[in-house]
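A short write-up of the structure that comes next.
On a predicted model such as this, the values are computed, not experimentally measured, just so you know.
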Amino acid sequence: MLFLSGIVVWLAGAAGSLALWRSPALARRVGCGAALAGSLLNLAASMAALFSASPTFIGLPFGNPIFTWAVRLDPLSAYFNVTLSALAAAVALYSFGYLREMEGRRNLGAFGFFFNLLLMSLALVFTASNAFFFLVAWEVMALTAFCLVSFEHEKEKTRNAGVLFLIMSHAGTGLLLIAFLVLASESGSLDFTSFHLLASSLTPLQQGAIFLLFLFGFGVKAGIVPLHIWLPEAHPVAPSNVSALMSGIVIKTGIYGMARVFFDFYGAPPLWMGSVVLGLGVVSALVGVLYALMEHDLKRLLAWHSIENIGIILIGFGAALMFRALGQANLAALALIAALYHTFNHALFKGLLFMGAGSVVQATHTRNMEKMGGLIRRMPVTALCFLLGAVAISGLPPLNGFVSEWLTYQALLAGFGTTQSLTRLMFPVAGSLLALTAALAAACFVKAFAIPFLALPRSEPAAEARECAPSMRAGMAALAAGCVALGLGATWFVPVFDPITQQALGVRASAALVMARGWALSPGTAHGGTISTAGMAIFFLLAGAAFALPLAIRWRRRSVKGPAWDCGLPGLTAENEYTATAFSKPLRMIFSALYRPRREIQAVYKVSPYYPSAIRFESEIEHSIEKRLYGPMRRRIMAAANRMRGIQAGSINLYLAYIFITLILLLLFGVRK
């Protein structure tokens, strides 16, 4: 009843917001209030279902025996629903203040309508019990997300990003439809329970085809490379509260779909399947972080990091599939826990970072980091929350991102020591590349925090920026607290995965991970390490106190302030600051084979050919996948479409001839049958 109540509240919020579109303030309160209330109800229902002894089935009084409308709350769907509800509640709270500036300028009634429908469709995607209902909810989710991404539709860039998202989403849905139809033809039913372990009973060719269809169908939504092109275009142009949902949970529908197929529809898969997923994960993580390093658009930088973190999740999935194929059930559980833990962690810290970026963009009216600076003095709460999110996404202790990445490392290291075939080499290679990814991510977020928040303002809007609304700060603080709690309390959170690993692998999480007195976490392998994030936090606090004590004593003495040394110049200005371009240039040179950088320098001479009056510098990198894969593909599709344009001559007689010829062909085909 809690789950159904949440669905009803979201529907009522959608209808109420739309009905109140002429009263923007009231529409905003109704839309955000319903989103918050529905999320809390769904959170309570999902947490109860996660620890329930048996799955919960809820049938809706619609449809027919073939196309049924029913939901099923099992441990896997409940876990993703908990992730959705936790993030959605914080985003709804944040939206109360974020949307206030749009009153009178935007249709907030329409926004509340699509916002609540998106949350409802996400909950139904995670709980749909059959392929028909799943695809219906999947398409509603795609359409509502498209409307929210295109909310500022008067901008051409926004419209183009929305169309690209819609095209890619429908292409992925087509792949999923084919895969579900193949499984339904074998089982005689569209229900997910009839698909349980079904794929493993098919021929190797069918197994491989269905696996690839699901992998790329769900991979489009998840944003894996090379199907990622919509993500860095759509996330930056959407309102920042929508960006937080898109990156935090909408792309996780692809992860949920993969988890459902890989660990429910399949038994022990062939080894090559896990190798493919692991390889795609490594490539996605590296490509995402490398292109994020070059971005100066704060929201676009965060979008590229979503691709990176999806890659880290896929590394865990790939390792789990390989361990399952090799008969290592405990290690498969360890890798699956790492992937699912990172799924929840990423929802929290990426939602926090997008919300922080939204506060900064709202205050400075720009996404360009080169026009920010000095915001830590004007927006201290936003700066602190963004810093916590940056530490978490960089995988630094003792926050939550560190724990899930550490578990992934432990699974990969254990894989090399416990497997015997040549595939064992994939584990240390993936681990070393994951370490490189983590190091580059830390470097990227040094730039992402330092350039906007430290030093001096680089523009007048940055100099006049003010702290965001209280509700926005409350939403960010809730997610920041979650990042800290899931890091320090990792040993208490791990038992949540017991029902999931039992359902997927027949092994409880407590068998894969050894917890010592609730403080230390160990992977339970022969040569595995042990960590205690709570112990790390205590150490950091003691070290900080030891460092701060002498400073406090000195502070009590009389001190004299003077100007900072600036190489003899009249005074420090924004022109003296380190820029985002300069910060990333060494890495641009190191990875020039990928970036293929192009630069152009133009000097303007007015008085003397030796003393330029102005210098213009342009630098650009190449997005190889978009240019070399999708560019030729787009040109071929448009050329084929232009050639087919002659078929549409506008003549009714010609169209009747088409119909007549088609009927003749169908009759001939029917006679031969």
State the [atom1]-[atom2] distance between [X] and [Y], to the nearest 0.5 angstrom.
X: M141; Y: L122; atom1: CE; atom2: CG; answer: 6.0 Å
X: I625; Y: L594; atom1: CD1; atom2: CG; answer: 8.5 Å
X: L176; Y: L181; atom1: CG; atom2: CG; answer: 11.0 Å
X: L336; Y: L340; atom1: CG; atom2: CG; answer: 4.5 Å
X: L197; Y: F265; atom1: CG; atom2: CZ; answer: 10.5 Å
X: M246; Y: L118; atom1: CE; atom2: CG; answer: 8.0 Å

Next on the checklist: If you take the centroid of each ring, where Trp contributes its six-membered ring, are F126 and Y79 closer together than 6.0 Å?
Outcome noted: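 No, the ring of Y79 stays outside the 6.0 Å limit from the ring of F126, centre to centre.
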Checklist entry - Do F218 and W138 have their ring centres less than 6.0 Å from each other? => result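 They qualify: ring centres under 6.0 Å apart.
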Item to check | Sequence-distant partners of D191, salt bridge (Lys or Arg N to Asp or Glu O under 4.0 Å), two or more places apart | outcome: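 Scan of D191 (salt bridge (Lys or Arg N to Asp or Glu O under 4.0 Å), adjacent residues dropped) gives none.
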Please work out whether the ring planes of [X] and [Y] are parallel, tilted or perpendicular, with thresholds of 30° and 60°.
X: F80; Y: Y256; value: perpendicular
X: H346; Y: F349; value: perpendicular
X: Y291; Y: H623; value: parallel
X: W304; Y: H228; value: tilted

Next on the checklist: As a quick check of understanding, evaluate ring pair (Phe, Tyr, Trp, His ring centres under 6.0 Å) for F262 and F214, giving each step before the final call.
Outcome noted: CA-CA 9 Å; F262 297 163; F214 277 123; 8.5 Å; no
Side-chain contact test, heavy atoms from C-beta onward, threshold under 4.5 Å: evaluate it for [X] versus [Y] and give yes or no.
X: L76; Y: F263; answer: no
X: L314; Y: L278; answer: no
X: L486; Y: V403; answer: no
X: Y266; Y: M273; answer: yes
X: I315; Y: L412; answer: yes
X: F211; Y: V277; answer: yes
X: M120; Y: L11; answer: yes
X: C483; Y: N400; answer: yes

Any idea which heavy atoms bring [X] and [Y] closest together, and the distance?
X: F146; Y: F165; result: N-CE2, 3.6 Å
X: G401; Y: N345; result: N-ND2, 4.3 Å
X: F3; Y: A45; result: N-CB, 3.5 Å
X: A414; Y: L331; result: CB-CD2, 3.6 Å
X: A335; Y: A320; result: CB-N, 3.5 Å
X: A347; Y: K252; result: N-NZ, 3.6 Å

Next on the checklist: Could you walk me through whether I7 and L124 satisfy the side chain to side chain contact (heavy atoms under 4.5 Å, CB included) test, starting with their C-alpha distance in whole Å, then the side-chain angles of each, then the deciding distance to 0.1 Å, before giving a yes or no?
Outcome noted: CA-CA 9 Å; I7 298 296; L124 294 178; 4.1 Å; yes
Checklist entry - Just wondering, are more than 12 heavy atoms of other shown residues or ligands nearer than 6.0 Å to CZ in R628? => result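 More than 12 within 6.0 Å, yes.
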Checklist entry - Does CE in M1 sit with more than 12 non-hydrogen atoms of other residues, nucleotides or ligands closer than 6.0 Å? => result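 For M1, atom CE is not crowded (no more than 12 foreign heavy atoms under 6.0 Å).
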Item to check | V282 and L434: CA distance, side-chain angles, deciding distance, side chain to side chain contact (heavy atoms under 4.5 Å, CB included) verdict | outcome: CA-CA 7 Å; V282 170; L434 178 58; over 6 Å; no
Does [Y] offer a backbone N or O that forms a donor-acceptor pair with the side chain of [X] under 3.5 Å?
X: H170; Y: L166; result: yes
X: R324; Y: G267; result: yes
X: S247; Y: A244; result: no
X: T501; Y: F497; result: yes
X: H196; Y: D264; result: yes
X: K350; Y: L302; result: yes
X: Y341; Y: V494; result: no
X: K221; Y: G217; result: no
X: Y630; Y: P226; result: yes
X: S150; Y: C147; result: no

Next on the checklist: Suppose the criterion is side chain to side chain donor-acceptor pair (under 3.5 Å): which pairs have a residue in residues 115-135, not counting sequence neighbours?
Outcome noted: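 Output for this query lists T68-N130.
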Short side-chain donor-acceptor distance under 3.5 Å, [Y] and [X]:
X: T203; Y: Q206; answer: yes
X: D74; Y: S77; answer: yes
X: S200; Y: Q207; answer: no

Next on the checklist: Testing V225, I255, L231 one by one against I310 for a side-chain contact (heavy atoms from CB on, under 4.5 Å), which residue passes?
Outcome noted: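 Of all the options given, the one that passes is I255.
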Next on the checklist: Which residues pass the ring pair (Phe, Tyr, Trp, His ring centres under 6.0 Å) test with Y409, not counting sequence neighbours?
Outcome noted: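 Listed in chain order: nothing, the list is empty.
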Item to check | Worked check of side chain to side chain contact (heavy atoms under 4.5 Å, CB included) between R72 and I58 | outcome: CA-CA 6 Å; R72 179 175 182 259; I58 305 172; over 6 Å; no
Checklist entry - Between S39 and N42, is a side chain to side chain donor-acceptor pair (under 3.5 Å) present by the stated rule, with each step listed? => result CA-CA 5 Å; S39 299; N42 192 44; over 6 Å; no
Checklist entry - Could you walk me through whether E308 and S284 pass the side chain to side chain donor-acceptor pair (under 3.5 Å) check? => result CA-CA 6 Å; E308 174 225 341; S284 297; over 6 Å; no
Next on the checklist: Assess the residue pair L479 and L87 against the criterion (side chain to side chain contact (heavy atoms under 4.5 Å, CB included)); give the C-alpha distance rounded to whole Å, side-chain angles, the decisive distance to 0.1 Å, and a yes or no.
Outcome noted: CA-CA 8 Å; L479 293 184; L87 176 62; 4.0 Å; yes
